[in-house]
Amino acid sequence: MQDLIIAMLAISAILILRDMAKIVFWGRKKEDPVYDCHPQKERMEQYAQSLQKLADTFYQMPCRRERLSNSEIEGIFAKMQDKLCSRCPKKEICWRQQSIMTCQKVCDMLCLIEEGNAEKILRAQGDWYADCLNAGKFVEYLQDEFQNARQNLIWNNRQIENRVAVAEQLNEVAHTIQKVAADLYDIAAVSGDMEQRVKKIMQKRHVLVKQIWMMEKPDEKMKLFLTMRVRGGQCIAVSEVASILSEMYDRRLVPARDSRAIVNSDVRTVLFVEDTNYKVLYGVAKVTKENETVSGDNYVCTQGEEQFVMCLSDGMGSGLEACQESEAVVEILEQFLTTGFSRETAARMLNSALVLQRRDGMYSTVDICALNLYTGVCEFLKAGAATTFIKRDQWVEAISSTTLAAGLLQQMDFETTTKKMYDGDYLIMVTDGVLDALPKEREEETMKEIILQVHSTQPREVGRNIMEKVMGYCGYRAGDDMTVLVAGVWRK
C-alpha cells in the first residue's frame, strides 16, 4: 500500500511540473498580457495547497500509542468472561459482587505481564488460587490476549509511522512546488533596448539570438537564458558568449555547469550565471574495519551553480549490509540536492523514505556540509553524525551533534549550524570509527592536535596524513570503518 502511495505521489509531482514547464516555456509570448498575479502561478499554488491539505489530513489522524487503551483492556475482560468465566459457579461473585476488586486484580496482572517479570507473575498467580478456580488458565489466557493486543498495537503504530512519513513527503512536495512556481514566474523577458543591443552585438559574431530571459531576485544572483544558434554552419564557444555578456552587463557571467560547450546551427537555450567567488577541492581517506572487505561508510561531493555540498553517511554496523544502507542515503541526498531541494527538505524526504522501508536495527547517520560559493557561508546539518572540524591557520574548531540517526523517528530531529569560511580554510568530516580510535574522553581534543600537526595543502594528502596518525593510536588495527573527508576552500 505504501509503495502505491509513493508512486502516486511521484507521478502527481511529475505531471504538475510538466504542466508548469509547458506554461512557462511554451505559453509565454511578448504579446501576453501582464498580470499582477499570473493566473497559472495561482494554479500552481492551488496544486501545492491541495497537497498541503492532504498532508494535514494525515497529521490529524490518530497518533502513535505506547500502551493499550481502556477499550482494548475492556475487550480483553469481555473475552475472558466469555471464554473462562461464563460457566464458572463463582462468576456472579467475581464479576458482580466483587467486580471492582476483580477488575483491579486483572489490571495489576496486566501491568506485571507488561513488565515481563516472571517471578512477580508467578507470585501473583499463586495469590489468585485462593479466589479463582481457574487461576492457572486465567493467567495463561491473559498473557496470550495481552500479547495479541500488543502485536496489534505495534502493527498500528507502524502504520501510523508510514502515514506520517507519507504526510512528510506530501508536505515537502507542496513547499517545493510553491518555490518552483515562484522561481518560474520570476523569469521575465529582457527589456527591449537591452535585448536589441545583445542581439546586435551577438549578430556580429554570427550568433542569432531568438529570445533572452532574465531572472534576478533580491539577495540572489542574476541568471540569463539565451535561446540562440550560429548561422552559416559555424560554431562559437559558449564561454566566448559568456565573455560578451559579462562585458555588456558588467558582471562576471559564466555558462551554468553541465551546459553545452559550443553553439552551432541548432537552436538551443543556454543558462548563464554569475561566477562564484570561491572554489573547492576535496579528497578522501578510507580504512575498512579489520576482517571486513566492504566499508559501511559512504560519501558524495557535488557542486552546483551556487553551492558545494559534501554528504557523509555511516551505516550502522559494518560490511555489505551497512554499505548498502549508507549508499542509499548518499544517493538519495545527492539526487535531491542536485535537483535544487534545500538541505532540510532533502533530509526530511530521506528520513520519511527510510521510515517507510525501515528494517529493525538498520539506520544511518546523515552529515551534510553545504558551502555557498558566493558568500563562503557553510551550513552544517547533522543527524547522528560524528564531529566535523574546521581548520584555519593554527586554529581548529569542532562542530558536534547529539541527534539520532535518520530512519529512527517519524519526524527527523537534526541540528543545523552556520559558519563563515575564508580563503585557505579546510573542512574535515569524519565517521565515528575515526574518533573511536582515539583516547577515550579526549577524542575531539586529540583530533584537533592531529589536524594541527598536518601541514599538507592538498585535501587528499591532508586526509591521508590524518588517517595515518589516527591509525597509530589503534595499533593500525581498525575496530570500525573509518572515513576522513577533507575539502579545501580558496577564493578565486
Side-chain angles (χ1 to χ4, degrees), residues 282-301 310-330 333 354 358-369 380 382-391 396-408 414-415 426-454 456 459-487:
Y282 71 92
V284 65
K286 300 184 70 174
V287 173
T288 303
K289 179 180 178 181
E290 192 173 21
N291 299 324
E292 290 284 359
T293 57
V294 179
S295 173
D297 300 341
N298 273 289
Y299 74 95
V300 65
C301 297
M310 296 193 299
C311 301
L312 181 60
S313 179
D314 180 2
M316 292 302 99
S318 59
L320 182 60
E321 199 169 9
C323 175
Q324 292 173 340
E325 192 78 12
S326 62
E327 184 178 33
V329 167
V330 297
L333 284 173
L354 293 179
R358 187 175 67 203
R359 292 168 289 171
D360 291 339
M362 293 305 296
Y363 46 92
S364 298
T365 64
V366 174
D367 200 356
I368 301 176
C369 291
F380 302 85
K382 291 179 173 291
T387 304
T388 295
F389 300 88
I390 299 175
K391 180 186 178 184
V396 177
E397 181 179 2
I399 300 171
S400 304
S401 168
T402 58
T403 54
L404 295 175
L408 285 175
F414 52 78
E415 293 182 3
Y426 290 88
L427 282 167
I428 303 164
M429 303 173 70
V430 300
T431 52
D432 285 337
V434 174
L435 296 180
D436 290 343
L438 302 177
K440 300 297 181 185
E441 309 299 333
R442 293 195 69 257
E443 295 92 341
E444 290 186 9
E445 292 78 5
T446 305
M447 177 57 73
K448 289 180 180 180
E449 295 171 2
I450 290 173
I451 293 172
L452 289 174
Q453 292 170 11
V454 175
S456 302
R460 180 180 295 179
E461 293 303 317
V462 172
R464 288 178 177 175
N465 290 343
I466 291 174
M467 183 66 79
E468 181 70 21
K469 293 180 182 297
V470 170
M471 290 296 292
Y473 279 91
C474 61
Y476 295 92
R477 302 183 66 178
D480 193 5
D481 298 316
M482 305 165 69
T483 300
V484 179
L485 185 58
V486 182

Quiz item: Between Thr387 and Ser400, is any side-chain donor less than 3.5 angstrom from a side-chain acceptor?
Solution: yes

Starting at [atom1] of [X], measure out to [atom2] of [Y] and round the result to the nearest 0.5 Å.
X: Ser313; Y: Ile368; atom1: OG; atom2: CD1; result: 9.5 Å
X: Glu327; Y: Ser295; atom1: CD; atom2: OG; result: 11.0 Å
X: Met429; Y: Cys301; atom1: CE; atom2: SG; result: 8.0 Å
X: Thr288; Y: Asp297; atom1: OG1; atom2: CG; result: 8.5 Å

Quiz item: When Ile390 is tested against each of Ile451, Ile399, Ile428, Val396 for side-chain contact (heavy atoms from CB on, under 4.5 Å), which residue passes?
Solution: Ile399

Self-check item: Thr483, Leu485, Thr365 screened by side-chain contact (heavy atoms from CB on, under 4.5 Å) with Thr431, the one that passes
Solution: Thr483

Look at [X] together with [Y] and state whether they make a salt bridge at an N to O cut-off of under 4.0 Å.
X: Lys469; Y: Glu449; value: no
X: Lys448; Y: Glu445; value: no
X: Asp481; Y: Lys289; value: no

State, to 0.1 Å, how close [X] and [Y] come at their nearest heavy-atom pair, and which atoms those are.
X: Leu438; Y: Val434; value: CG-O, 3.7 Å
X: Cys311; Y: Val330; value: O-CG1, 4.3 Å
X: Glu444; Y: Phe389; value: O-CE2, 4.0 Å
X: Glu292; Y: Gly319; value: OE1-CA, 3.5 Å
X: Thr388; Y: Cys369; value: CG2-SG, 4.2 Å
X: Gly283; Y: Pro459; value: N-CB, 3.7 Å

Would you say that [X] contacts [Y] through its side chain, given a criterion of any heavy-atom pair below 4.5 Å between the two side chains?
X: Ile466; Y: Met447; value: yes
X: Tyr476; Y: Glu468; value: yes
X: Val329; Y: Asn298; value: no
X: Arg464; Y: Met467; value: no
X: Phe380; Y: Leu427; value: yes

Practice problem: Give a yes or no on whether Glu441 atom CD has more than 12 heavy-atom contacts from other residues, nucleotides or ligands under 6.0 Å away. | Solution: no

Exercise. Could you tell me whether Tyr282 atom OH has more than 12 heavy atoms of other residues or ligands within 6.0 Å of it?
Key: no

